[in-house]
Each structure stands twice: as structure tokens, then as C-alpha cells.
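This report concerns only the one structure given below.
Heads up: numbering here begins at 1 and tracks the sequence. For the numbers below, each heavy atom of this structure counts, side chains included, while hydrogens, waters and symmetry mates do not.
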Amino acid sequence: MFVGLQYRAAAAYRHSALLPATSKPRVRCLHSQIKTALVGGPAGAPAHRLYFTRDNQPISPWHDIPLVSNASTREYNMVCEIPRWSNAKLEIDTKSPFNPIKHDTKNGKLRYVANIFPYKGYIWNYGAFPQTYEDPAETDPDTRHAGDNDPIDVLEVGSKVCREGEVHRVKALGVLALIDDKETDWKVLAIRTDDPLAAKINGVGELEQFMPGLVSATVDWFTKYKVPDGKPRNCWAFDAKPRDADYAHDVIARAHDSWKKLIRQPHSQLKLDNVSIETSPSCLSSAEANDAFKALFGGGSIQQEQQQSHSDFWHYVR
């Protein structure tokens with residue numbers, strides 16, 4: 001199921017020669033050798049970017065982090081984009097070199113999700129599965145809508161608040177099919193494998209048993225979260241009911257197949273630069289990756305910008 005690509009080991013080079021002076025290298029995951037480098041200021045700064053490195057080499061969190069962490073137990077790697085209880089809409093930038101996490105914008109303004117009673121910001125650790133792609137050219141036979149042109153979203157429900165850029169091993173519990181702007185936007189319910197409840201929760205039934213109300217709150221949140229911005233409520237496939245873990249694994253596998261087709265394309269509007277997929281026309285050598293990364297900053301440093309604030313209102317949506 002998850003085969004067909006050849007991976008290349010990344011050669012190391014000096015981290016200090018790679019990153020601009022204002023970057024802040026930080027260890028951000030359970031996987032050894034993967035680190036992040038913050039440039040342009042924290043979330044809330046327009047230039048906010050969080051880049052990823054492995055063995056002191058720049059990597060793409062979308063293309064170079066394997067989807068599967070343990071095939072025999074069907075465990076996956078999740079890249080955390082947004083910590084639970086926060087409001088800034090952070091996401092892997094699929095259109096920039098090396099796909100850093102950025103603060104999303106719309107009409108020139110930074111995007112934040114509203115607080116909708118009784119919730120505060122995002123109510124899970126929100127992230128993405130690497131090496132997945134929801135293809136807008138393919139219509140899902142069950143939802144009857146095409147993909148949303150992004151990696152698959154993950155809602156991590158464990159007890160710990162993750163941090164932006166962390167990579168964690170998770171197991172899929174089920175999946176919801178949000179229909180957003182007439183596109184299929186899968187939301188995989190997952191839990192970190194190191195969570196105290198991970199051994200007890202293997203599906204949506206057990207999730208309801210140990211975390212009663214979380215699935216219905218998830219549906220309620222996604223249905224209403226755009227209403228404070230003057231938009232209509234979101235719609236769902238399957239009457240807003242979650243599909244089980246086996247169905248989620250199938251969705252993930254199909255998205256991985258779509259990504260495998262994407263990464264082999266010689267030309268794309270999305271950024272496919274990587275350092276590990278030998279069969280990809282966009283695979284870079286160590287020297288090429290080094291030069292490409294340094295060229296992003298013109299040989300100089302990134303100027304940090306003033307952090308912008310947002311209104312911290314509560315909204316009652318009836």
C-alpha cells in the first residue's frame with residue numbers, strides 16, 4: 001500500500017552556515033534529527049515561517065517526512081501546525097520552497113479562527129499527514145466532491161498540547177468528511193501513540209467512551225467556525241457521521257497515492273522540492289538544497305516584523 005518510491009539518505013552540512021542570523025533553531029518533535037528554524041518572527045508576524053531540517057539539512061515537512069511510522073501497527077507521522085486552544089491559522093505552505101509552516105492570510109490580512117461558545121480556538125492539536133494530497137482533479141466516489149489541493153488534515157485528540165512544528169506518531173481512529181466550498185476536506189481523528197489513553201482508544205466508539213462529546217463538538221465547531229466571518233455554515237458528507245478507522249486508513253492510502261503521482265510531476269504550481277525522493281524530478285542534492293535555502297534569504301537575515309494582534313471575542317452561534 002505504501003510502496004513505490006525510492007528514498008535517498010540526506011547528507012549533512014553545517015547548520016550555522018544554512019540559517020539566517022535571526023533564526024532560532026528548536027527541537028520540535030519526538031523523531032531524532034528533525035529540528036525547526038523560526039524566521040520572520042512568531043505567529044502573528046506577517047513574515048512568520050517555520051522551516052524544517054534533518055541531520056542539518058533543509059527538508060520539506062510535506063515531502064521528506066515519511067507518512068508511515070510503523071506499517072505493521074498502521075501508525076503515521078503527523079506534523080502539528082496549530083496547537084490546541086490557539087487561534088492563529090497556521091499551515092504548511094505548499095506553494096513556497098521547502099514548504100515551511102506559515103501564518104495564512106486572506107485579502108492581505110492574517111487569518112485567525114473565532115472563539116465560538118463554548119470553545120476557545122482550535123479544540124484539538126491540528127496538523128497534517130506528510131506525503132498525502134487531496135487532488136482537486138479527482139472526485140471522491142463517496143463524497144462526490146474533489147479534493148481541496150492540500151495534505152490531509154489531522155485532529156489529534158490526546159491529552160497534551162503540542163507545539164507548532166512538532167512531529168508525532170499517531171494512530172487513526174476515524175475520519176469526518178467536511179464539504180468546504182464544494183471540496184472534500186477530510187478530517188482524520190487521531191491520537192498520539194504515547195498518549196496515556198492510546199492503548200484504550202482504537203476507534204470512534206472508544207473515543208466516545210473515553211472522551212464523550214468530542215466528536216459531536218468537532219462537528220459543531222467545523223459547522224459554525226466561519227459564521228463569525230459572515231460565511232454560511234459548512235456542510236458534511238455522510239450526514240456528519242464519522243467513518244471508522246478502516247475507512248480512515250483507506251482515505252489516507254488514497255491520498256498517499258495521489259501524492260506519489262504529484263511528486264513525480266516535472267512541473268506543478270505547488271512546490272515539490274525535496275531531498276529524499278529519488279524518483280521525483282524535484283529531488284535536490286545536498287549542495288543544491290543548501291544553495292536553494294540560502295537563496296531564499298539573499299545571503300542575509302530575515303527582518304522580524306511587529307506581531308499583529310487579533311480580537312479575542314466570543315461568538316454565540318445559534
Side-chain angles (χ1 to χ4, degrees), residues 8-67 77-83 86 88-105 110 125-132 150-151 162-168 263 268 270-277 280 282-305 307:
R8 178 171 66 196
Y13 54 84
R14 289 184 59 200
H15 193 256
S16 59
L18 174 67
L19 298 173
T22 56
S23 67
K24 298 179 181 179
R26 300 180 292 178
V27 176
R28 276 289 183 266
C29 66
L30 297 180
H31 301 296
S32 62
Q33 303 305 314
I34 297 182
K35 298 181 181 179
T36 57
L38 173 66
V39 298
H48 172 78
R49 298 292 185 276
L50 194 69
Y51 288 92
F52 288 68
T53 69
R54 180 172 56 213
D55 297 329
N56 296 326
Q57 175 165 305
I59 66 170
S60 161
W62 185 17
H63 306 306
D64 290 312
I65 296 175
L67 167 62
N77 290 316
M78 165 198 166
V79 179
C80 180
E81 298 164 304
I82 307 170
S86 61
K89 192 178 187 304
L90 308 174
E91 62 180 21
I92 291 174
D93 187 354
T94 60
K95 297 181 180 179
S96 291
F98 297 104
N99 311 118
I101 294 177
K102 70 171 185 178
H103 195 152
D104 191 29
T105 61
L110 296 175
N125 295 304
Y126 194 100
F129 279 138
Q131 297 187 344
T132 62
D150 280 321
C162 299
R163 301 178 70 181
E164 177 193 358
E166 286 183 345
V167 181
H168 291 287
I263 200 66
S268 174
L270 304 176
K271 286 297 183 180
L272 307 180
D273 295 344
N274 68 87
V275 298
S276 60
I277 312 299
S280 167
S282 301
C283 188
L284 303 176
S285 67
S286 296
E288 290 170 335
N290 189 359
D291 292 342
F293 195 88
K294 289 191 292 186
L296 293 175
F297 310 107
S301 62
I302 294 293
Q303 181 179 358
Q304 295 196 14
E305 301 188 36
Q307 183 174 0

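In this structure the side chain of N77 reaches within 4.5 angstrom of the side chain of P66, judged on heavy atoms. K102 places none of its side-chain heavy atoms less than 4.5 Å from the side chain of L90. A 4.5 Å side-chain heavy-atom check between L296 and P97 finds at least one atom pair inside the cut-off. Within the 4.5 Å cutoff, the side chain of P100 has no heavy atoms near those of the L50 side chain. Proximity of I101 to E164: side-chain heavy atoms (C-beta onward) are separated by under 4.5 Å at one or more points.
Taking CG from L110 and OG1 from T105, the interatomic distance works out to 7.0 Å, rounded to the nearest 0.5 Å. Rounded to the nearest 0.5 Å, atoms OG (S282) and CD1 (I277) are 11.0 Å apart. Once rounded to the nearest 0.5 Å, the distance linking OG of S280 with CD1 of I263 reads 4.0 Å. Atom OG of S276 and atom CZ of R54 lie 5.5 Å apart (nearest 0.5 Å).
Judged purely by atom type and a 3.5 angstrom limit, E81 uses its side chain to pair as donor or acceptor with the backbone of I92. When atom types are taken as modelled, the side chain of S96 and the backbone of D93 share no donor-acceptor pair closer than 3.5 angstrom. Of the possible donor and acceptor atoms, none in the side chain of D55 sits under 3.5 Å from a partner among the backbone N and O of Q57. Looking at T53, its side chain never comes within 3.5 Å of a backbone N or O of N56 through a donor-acceptor pair. N125 places no side-chain N or O within donor-acceptor distance of the main-chain N or O of P83, the cut-off being under 3.5 Å. Judged purely by atom type and a 3.5 angstrom limit, D64 uses its side chain to pair as donor or acceptor with the backbone of V275. In this structure, H103 contributes its side chain and P46 its backbone to no donor-acceptor pair below 3.5 Å. Not a single donor-acceptor pair under 3.5 Å links the side chain of H48 to the backbone N or O of G40. For the pair W62 (side chain) and N274 (backbone), a donor-acceptor distance under 3.5 Å is absent. No donor-acceptor pair under 3.5 Å is formed between the side chain of S86 and the backbone N or O of A88.
Pairing each heavy atom of Y126 with each of M78, the nearest pair is C-CE, 4.0 Å. The shortest heavy-atom contact between K95 and L270 is CG-CD2, 4.0 Å. For L38 against G41, the heavy-atom pair with the smallest separation is CD1-O, 3.3 Å. Between N99 and H63, the shortest heavy-atom distance links the atoms OD1-CD2, 3.3 Å. Smallest separation of non-hydrogen atoms from P58 and A289: CG-O, 3.9 Å.
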Inset, instruction - Walk me through it: do V39 and Y51 pass the test side-chain contact (heavy atoms from CB on, under 4.5 Å)? - result: CA-CA 8 Å; V39 298; Y51 288 92; 3.6 Å; yes
Inset, instruction - Could you give me the CA-CA distance, side-chain angles and deciding distance for H168 and C162, then say whether side-chain contact (heavy atoms from CB on, under 4.5 Å) is met? - result: CA-CA 9 Å; H168 291 287; C162 299; 3.7 Å; yes
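Note: F98 and F52 fail the aromatic proximity criterion, with ring centroids not under 6.0 Å apart.
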